[in-house]
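Heads up: the structure comes next, in structure tokens.
Every chain is numbered from 1, with letters handed out A, B, ... down the list of sequences. Note that this is a predicted model, so its numbers are computed, not measured.
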Amino acid sequence: MSESYDAKAIEAKWQARWNADGLYRVGADPSRPKFLFVTMYPYPSGDLHIGHWYAMTPSDAKARYLSMRGHNVLFPMGFDAFGLPAENAAIQHGIHPYKWTMANIERMRGQLRSMGAMFDWSREVVTCHPEYYTWNQWFFLKFYEAGLAYRAMAAVDWCPNCNTTLAREQVVGADRVCERCGTPVIKKDLEQWFFRITKYADELLDFSKMEWPERVETLQRNWIGRSEGAEIVYTSEQGDPITVFTTRPDTLFGATFLVLAPEHPLVEKLTTPQHRAEVTAYVYRARRQTEIERLAEDREKTGVSIGAYARHPLTNARIPIYVGDYVLLTYGTGAIHAVPAHDSRDFEFARKYRLPIPVVIAPPDWDGKPLADAYNGEGVLVNSGAFDGLRSQEAKQRITEALEQAGRGRAAVTYRLRDWLISRQRYWGTPIPIVYCRACGAVPVPYADLPVVLPEDAEFLPTGESPLKHNDGFLRTMCPKCGGTAERETDTMDTFVDSSWYQFRYLDPHNGAAPFDAAKLRAWAPVDQYTGGIEHAVMHLMYARFFTKAMRDLGLVPFDEPMLRLFNQGIILGPDGNRMSKSRGNVVNPDDYVGTMGADVVRAYLMFIGPWDGGGPWNPKGIEGVHRFLLRVWHLVVDPPPAGRVPSPEAAAQVRRTIHQTLRRVTDDLEGFRFNTAVAALMECTNALGRLREEGAAETAEWQPALRALALMLAPLTPHLAEELWVRLGGAYSVHRQAWPAWDPAAVHEDTMTLVLQVNGRVRDRVTVPAGLDDVHLREAAFGSDKVRKFLDGKSVEDVIVVPGKLVNVVAR
RNA sequence: GGGCGAGUGUCGGAAUCGGCAGACGAGGCGGACUUAAAAUUCGCUGGCCGGAACGGCCGUGUGGGUUCGACUCCCACCUCGCCCACCA
């Protein structure tokens with residue numbers, strides 16, 4: 001009767017010991033290279049989900065591996081503790097957001113500990129503590145002084161369910177819904193606070209200083225949406241300059257009308273009395289439409305003439321001005337010149353309103369007749385005066401130059417990126433440290449008065465309004481400038497402000513004098529490896545980059561990018577292949593499996609499912625296979641070997657070769673985040689050792705070192721089991737302080753190899769030959785094969801391809 | 001409409017400096033152990049044609065191409081997924 005594997009007891013024992021010993025407390029250590037490994041901190045929603053395990057335990061495995069490789073690894077953890085769910089819980093259940101959040105954090109801490117991860121809890125960051133958010137306010141003031149934070153009236157996105165404004169990044173999908181709750185957003189004109197992220201648009205397009213997944217770079221690049229072109233100044237007949245932006249200055253001579261966005265300031269001024277009623281009605285309708293709901297994407301292009309005309313900057317042609325809702329005030333200059341022949345939208349519009357459609361770029365094989373459709377491609381210019389015959393590329397340049405010389409335009413770049421709207425009309429966030437004084441206007445709270453603390457006695461009512469608006473103790477204050485009565489800003493900050501710099505707070509989490517000590521920051525930052533979901537590609541990950549660049553310009557950090565390397569793990573789906581959700585009833589609770597099979601099994605299974613960036617369905621049967629694997633490892637080490645077996649002379653070398661070949665594979669795989677194949681290699685190794693053991697290999701001198709090496713290789717993946725086996729094998733506590741073993745090229749070497757024999761590229765035979773044979777002998781081996789000869793029968797050999805160490809291919813006709 | 005990514009057994013997946021397709025695991029089938037079941041353990045498991053072969057043919061979404069040799073490279077297409085989308 002062999003001792004059984006009691007995962008629960010083993011895991012509890014070692015977790016307690018590691019904790020008592022402070023095994024994972026990390027301090028400065030100049031003798032080892034630092035490695036800051038951060039995985040995205042969770043929102044304290046109440047329960048740790050299998051998705052958290054999927055994100056965090058492979059990260060932990062990699063962090064542990066790097067630690068064994070000699071790095072001084074800091075792997076911190078914290079909580080993204082501000083946010084709407086806490087406030088909604090307050091409204092629904094009458095529990096204060098602080099209490100709700102802290103209770104959830106308490107619960108989740110315990111669940112996080114059950115992972116057996118190497119989190120350094122002494123550095124925990126909780127963003128809803130004033131000791132944290134005071135620095136959000138501090139950064140806000142710094143940004144304000146630097147002109148990076150500003151207040152402006154704007155038509156902003158408002159979620160009627162969350163009762164707050166949203167950043168553009170938080171409005172998603174073709175139907176423009178709230179990223180959090182899926183409610184269609186509406187537009188509101190409000191005075192809001194913005195961070196000037198657009199200042200860094202060009203720099204944010206430079207990814208050369210880090211190694212991030214191509215996918216994230218592409219998403220950010222598309223989001224920033226840089227377009228090169230020209231700004232062209234038309235002039236109204238009343239003398240007003242009307243600036244338009246185009247990416248196709250080469251089509252300038254094809255412009256036949258202008259279209260202004262309904263909100264464009266010149267609409268009001270230029271509309272003639274005869275057209276006023278119609279234009280006013282149109283603008284009113286357009287604004288209502290955007291306010292109510294976005295309509296279908298393929299809706300008809302509409303517009304009305306405002307009765308006014310402009311002059312073409314190069315031809316002086318008289319050009320009618322329209323207002324049309326397909327032109328957006330928020331992009332470019334809010335006005336376009338329409339080139340119907342070479343833009344589908346303009347074409348549609350021109351057709352509808354019977355405007356001329358002159359061709360200025362000759363489509364290939366053009367017969368000179370009117371176009372049936374817009375030709376959007378590039379080509380050779382026609383009907384373009386002095387520019388006829390030029391190709392689009394050159395024409396763009398030359399026409400832009402001509403405009404510049406005439407003082408009627410210039411080369412210009414436009415971005416899709418908008419400034420980051422950070423104001424939220426909610427309680428549970430960082431108060432914006434601004435006071436409004438009737439005499440002095442918006443006045444920043446002095447640094448000495450920070451933090452502006454959230455009042456505890458707020459009332460949470462389902463009115464949709466922030467409780468701060470009705471909390472006199474908070475609201476009424478004194479103007480820091482003139483001492484007169486004043487009111488506080490009642491908006492709080494987007495929680496993405498918290499997560500834009502939390503990675504650096506880990507380095508000095510209790511500093512009361514600064515967000516972090518400069519020396520500590522230099523010692524650890526930037527983040528060497530960051531891991532988390534792709535869903536943050538254009539929100540958190542872009543804001544964090546912006547923040548770092550702004551901090552750099554304020555002299556606070558000596559680098560340009562917050563996270564040097566990034567890995568995006570996939571998403572774990574329910575057993576039915578769908579996204580897990582309570583309503584579907586397909587939610588997998590990790591605690592259930594931790595309680596029965598153990599944390600190590602859950603860890604190893606999540607890593608084994610497939611490539612980490614792939615995610616995939618949770619398979620309740622699949623985890624049993626991994627459970628069996630760990631049982632096999634357990635019994636391999638713990639059970640007494642079969643008695644009376646006499647090992648073969650090669651046994652010792654075979655054991656050594658098995659281990660070192662596995663070491664090579666596992667090392668490569670962990671370097672490349674290929675946890676699935678690392679686990680597979682360890683399975684193969686365990687199976688091979690099991691067979692060798694049956695043949696008496698346990699009697700050889702290589703056996704115990706092999707088992708110890710196996711324990712070391714398991715340490716990053718299944719830390720508790722590895723520790724138990726390591727200590728049982730006589731290793732010095734702790735396995736997690738051991739060096740990762742190097743694989744020995746000599747031990748990996750095989751004496752023989754399987755030589756693949758092909759005839760005309762098709763495998764016809766496989767023979768075992770001594771390793772390292774030269775071409776001549778490999779040829780001999782090929783022609784020595786009966787099967788090869790059989791397939792060569794009646795043919796003449798034309799060529800023989802020899803790939804040493806792999807194959808011989810005989811080419812015959 | 002634009003961009004990005006992916007198509008391999010029944011399933012998750014392995015193998016891409018071009019060189020044994022299907023490692024590892026799940027599932028299935030069969031055997032051992034057991035009164036029985038579970039657990040454990042051993043064997044088989046891409047398809048087709050063979051009684052069988054230590055036989056042959058086919059096979060990595062489809063169709064072409066390059067090559068001695070293609071899951072891998074090139075071209076075209078199909079399907080799916082994700083992101084963006086009246087962006088001038």
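Between the side chain of A:Asp346 and the backbone N or O of A:Ala341 there is no donor-acceptor pair closer than 3.5 Å. Between the side chain of A:Tyr282 and the backbone N or O of A:Thr302 there is at least one donor-acceptor pair closer than 3.5 Å.
If you take NE2 of A:His536 and P of B:rC83, they are 14 Å apart, rounded to a whole angstrom. B:rA85 atom P lies 19 Å from atom OH of A:Tyr415, rounded to whole Å. Here B:rG13 presents its P atom at 16 Å from CZ of A:Arg674, a figure rounded to the nearest Å. Rounded to an integer number of Å, the gap from A:Phe347 CZ to B:rG1 P is 17 Å. Nucleotide B:rC82 holds its C1' atom 15 Å from the CH2 atom of A:Trp223, rounded to whole Å. Across the protein-nucleic acid pair, A:Arg579 atom CZ and B:rG81 atom P stand 15 Å apart, rounded to whole Å. In this structure, A:Ile801 places its CD1 atom 13 Å from C1' of B:rG18, rounding to the nearest Å. Between A:Glu214 atom CD and B:rG3 atom C1' the separation is 12 Å, expressed in whole Å.
Looking at heavy-atom distances under 4.0 Å, A:Leu219 makes contact with sugar-phosphate atoms alone, never a base. Residue A:Asn619 is in sugar-phosphate contact alone, with no base atom involved, counting any heavy-atom pair closer than 4.0 Å across all strands shown. Residue A:Asn676 is in sugar-phosphate contact alone, with no base atom involved, counting any heavy-atom pair closer than 4.0 Å across all strands shown. Using a 4.0 Å heavy-atom criterion, one finds that A:Pro617 contacts no nucleic acid atom at all. Residue-level contact check: A:Phe791 touches the backbone only, with heavy atoms under 4.0 Å from sugar-phosphate atoms and none from bases. Using a 4.0 Å heavy-atom cutoff across all strands shown, A:Val339 reaches no nucleic acid atom at all. In this structure, A:Arg221 reaches neither bases nor backbone, as no heavy-atom distance under 4.0 Å exists between it and the strands shown. Within the 4.0 angstrom heavy-atom criterion, base atoms lie near A:Val756.
Nearest nucleotide to the A:Arg345 side chain, out of B:rC20, B:rG27, B:rC87: B:rC87. Considering only the side chain of A:Phe245, B:rA88 comes nearest among B:rA88, B:rG19, B:rA85. When distances are taken from the side chain of A:Asn687 to each of B:rG55, B:rA88, B:rG25, the shortest belongs to B:rG25.
In this structure, B:rG25 is classed as anti because its glycosidic torsion departs from zero by more than 90°. In this structure, B:rG9 shows a glycosidic angle within 90 degrees of zero, which is the syn conformation.
Under the 30°/60° scheme for interplanar angles, the aromatic rings of A:His312 and A:Phe253 are found to be tilted.
Taking side-chain N and O atoms only, A:Thr414 has no distance below 4.0 Å to OP1 or OP2 of B:rC87. For the OP1/OP2 pair of B:rC57 and a distance below 4.0 Å, the side-chain nitrogens and oxygens of A:Arg764 include at least one atom meeting the criterion. Between A:Arg632 and B:rG25 there is a side-chain N or O to OP1 or OP2 distance below 4.0 Å. An OP1 or OP2 oxygen of B:rA85 is reached within less than 4.0 angstrom by a side-chain nitrogen or oxygen of A:Arg416. At B:rC54, none of the side-chain N or O atoms of A:Arg766 fall inside 4.0 Å of OP1 or OP2 (strictly under the cut-off).
Figure legend: cation-pi geometry between A:Arg603 and A:Trp53 absent, as NZ or CZ is not positioned both under 6.0 Å from the six-membered ring centre and within 45° of its axis. Relative to the six-membered ring of A:Trp212, A:Arg545 meets both conditions, a distance below 6.0 Å and an angle of at most 45° to the axis. Under the 6.0 Å distance and 45° angle rule, A:Arg168 does not count as a cation-pi partner of A:Trp420. Under the 6.0 Å distance and 45° angle rule, A:Arg764 counts as a cation-pi partner of A:Phe791.
Using N1 to N3 plus N6-O4 or O6-N4 for Watson-Crick, or N1-O2 and O6-N3 for G-U wobble, each under 3.5 Å, B:rG81 pairs with B:rC4. A 3.5 Å limit on both hydrogen-bonding distances identifies B:rG65 as the Watson-Crick or G-U partner of B:rC73. In this entry B:rC48 has B:rG56 as its Watson-Crick or G-U wobble partner, both defining distances falling under 3.5 Å.
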